[in-house]
Number of protein chains: 2
Amino acid sequence: MDELFKYFDEFYSLNGESREAIEGICSEIQVSKNELLQPFGHTCKTIYYIKSGIARIFYYKDGVDITEYFAFENNIVARVESLFTGKPSKKAIQILEESQIVAIQVPGLFRLYDRFPQIERLFRLIFEAGYVETVNRMESLQFHSAEERYLDLLKKPDIIQRIPLKHIASYLGITQVSLSRIRSTLK
Amino acid sequence: MDELFKYFDEFYSLNGESREAIEGICSEIQVSKNELLQPFGHTCKTIYYIKSGIARIFYYKDGVDITEYFAFENNIVARVESLFTGKPSKKAIQILEESQIVAIQVPGLFRLYDRFPQIERLFRLIFEAGYVETVNRMESLQFHSAEERYLDLLKKPDIIQRIPLKHIASYLGITQVSLSRIRSTLK
DNA sequence: GAGTTCCTTTAACAATTGTTAAATTGTCAT
DNA sequence: ATGACAATTTAACAATTGTTAAAGGAACTC
């Protein structure tokens, strides 16, 4: 659990009492490759902290598997469009590499917001950072070419080195074939 | 100011003390068409509530004017990628229709977060809703065709009826010419 | 209301990306 | 190692979107 609180410290440092409260709604799990951490069609009731490994959020559009997000070690992953609306999500979370994960119960967390303003602030700051990341990604999808987006991605070695190209393609908003073509012209 | 608190009530109802505190960091302004509410290159130090009128967030990519977001009456607008990072924004906010606006000072707001957990909660909820909206928009840009995105937009009559097509085009991530072509095939 | 400017459409052509299918390469279990 | 399966590349063609330029319409100023 130490890693989790170190991660929290990057945003906001909790006092001892708040930490204990958080520990009460957390559990550690190990998940193996290709397993679904969260299935389709269910409301997001758990936030995950990836201690080690990789997860992705994905869904199907017209039968095609589309990756919306990758989460590597030392990061939080959650389907926010369900978490913040309470509605069922059409997205699932899948593990891409055997992972050590801390599961944080959402109903418990929301109750802690009332008792510990520190915890509410911490998660506010965490999700604000996620919001900024999403705005930047939206911007790149709005008016950058597929090649520009791929070149940007090369700056994130984790994704390039550890993720199959088929998932990278859909993450970039293009087909595998198109990505393969772009890669070949860059050689 | 009544409208503002009515808007807040949709997310979280503040008590009297919190309302007074908010009023202390707000001022009402009238802004005329085409004026810049916020210039390029400055850090976001103000959040705006649109009482009446329309605003848009935009920026230039390779010299081309791109609209990232429209805000109509009874909505909040802010450049979150600057607001939440403290970094200067390369985006500006422009008024598209003469507007009545409530300007909320950001440094003051952040100070109120410490004194009034209610206020921190309110804005947490407001920006969580914005986050969800952005995730949904990203999804539509990632794997929907331009025509699908335009058809989706037709469901938002405010945008179609009150915004010039050139701004709608860049908002959809396409050129004016392409949008015009899509419109003509739909007739 | 004449003239100017801006917005939108249309057309022709270029570039990019999608689609389908086949070939190649890589991975994994036995 | 062998076979089976998954991932990636390549190729040919189709569809979509971008680019440039010109023309028509709408809105605004004086």
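Naming convention: chains lettered A, B, ... in sequence-line order (proteins, then strands); numbering from 1 in each chain. Computed from a predicted model, the values in this text were never measured in an experiment.
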* Five pairs at each end of the helix from dG1(C)-dC30(D) to dT30(C)-dA1(D): take the axis at both ends and give me the angle between them to 10°. => 50°
* Check the angle between the aromatic planes of F110(A) and Y113(A) and answer parallel, tilted or perpendicular using the 30° and 60° thresholds. => tilted
* To do: Sequence neighbours left out, what passes salt bridge (charged side-chain N to carboxylate O under 4.0 Å, His left out) with E120(B)? Give chain and number order.
  => R121(A), R124(A)
* Do NZ/NE/NH1/NH2 and the carboxylate oxygens of D2(A) and K51(A) come within less than 4.0 Å? -> no
* To do: Please report the C-alpha distance between R183(B) and E147(B) in whole Å, then the side-chain angles of each, then the deciding distance to 0.1 Å, and finally whether the salt bridge (charged side-chain N to carboxylate O under 4.0 Å, His left out) criterion is met.
  => CA-CA 9 Å; R183(B) 284 162 52 84; E147(B) 184 173 320; over 6 Å; no
* Asked: CG of N34(B) versus C1' of dT29(D): gap in Å, rounded?
  -> 15 Å
* Structure fact -> Rounded to whole Å, CG of L96(A) lies from C1' of dA7(D) at a distance of 14 Å
* Residues within residues 57-68 of chain B bordering DNA chain D, heavy-atom distance below 4.0 Å -> none
* Just by protein heavy atoms under 4.0 Å, how would nucleotides 7-17 of chain C read 5' to 3' in B, S and -? -> SBBBBB----B
* Asked: Can you name the closest pair of heavy atoms from S82(A) and C44(A) and give their distance?
  -> OG-N, 2.8 Å
* Is it true that atom CG of N15(A) has more than 12 heavy atoms of other residues, nucleotides or ligands lying nearer than 6.0 Å? -> yes
* Under 6.0 Å between ring centres, would you say that holds for Y60(B) and F40(B)? -> yes
* Asked: Mind checking whether F127(B) and F84(A) have ring centres under 6.0 Å apart?
  -> no
For residues 171-180 of chain A, tabulate all N or O donor-acceptor pairs below 3.5 Å that involve a side-chain atom, not counting sequence neighbours.
residue : atom : partner : partner atom : Å
T175(A) : OG1  : S178(A) : N            : 3.2

* Asked: Honestly, is K90(B) close enough over Y59(B), meaning NZ or CZ under 6.0 Å from the six-membered ring centre and within 45° of the axis?
  -> yes
* Verdict with supporting geometry, R137(B) and E68(B), salt bridge (charged side-chain N to carboxylate O under 4.0 Å, His left out) -> CA-CA 10 Å; R137(B) 236 182 108 213; E68(B) 181 170 282; over 6 Å; no
* To do: List in numerical order all residues of residues 154-161 of chain A for which some heavy atom is under 4.0 Å away from an atom belonging to DNA chain C.
  => none
* **Inter-residue atom distance L154(A).CG - I160(A).CD1, 0.5 Å rounding** => 5.0 Å
* Asked: Are any of the side-chain heavy atoms of T46(A) and Y48(A) separated by less than 4.5 Å?
  -> yes
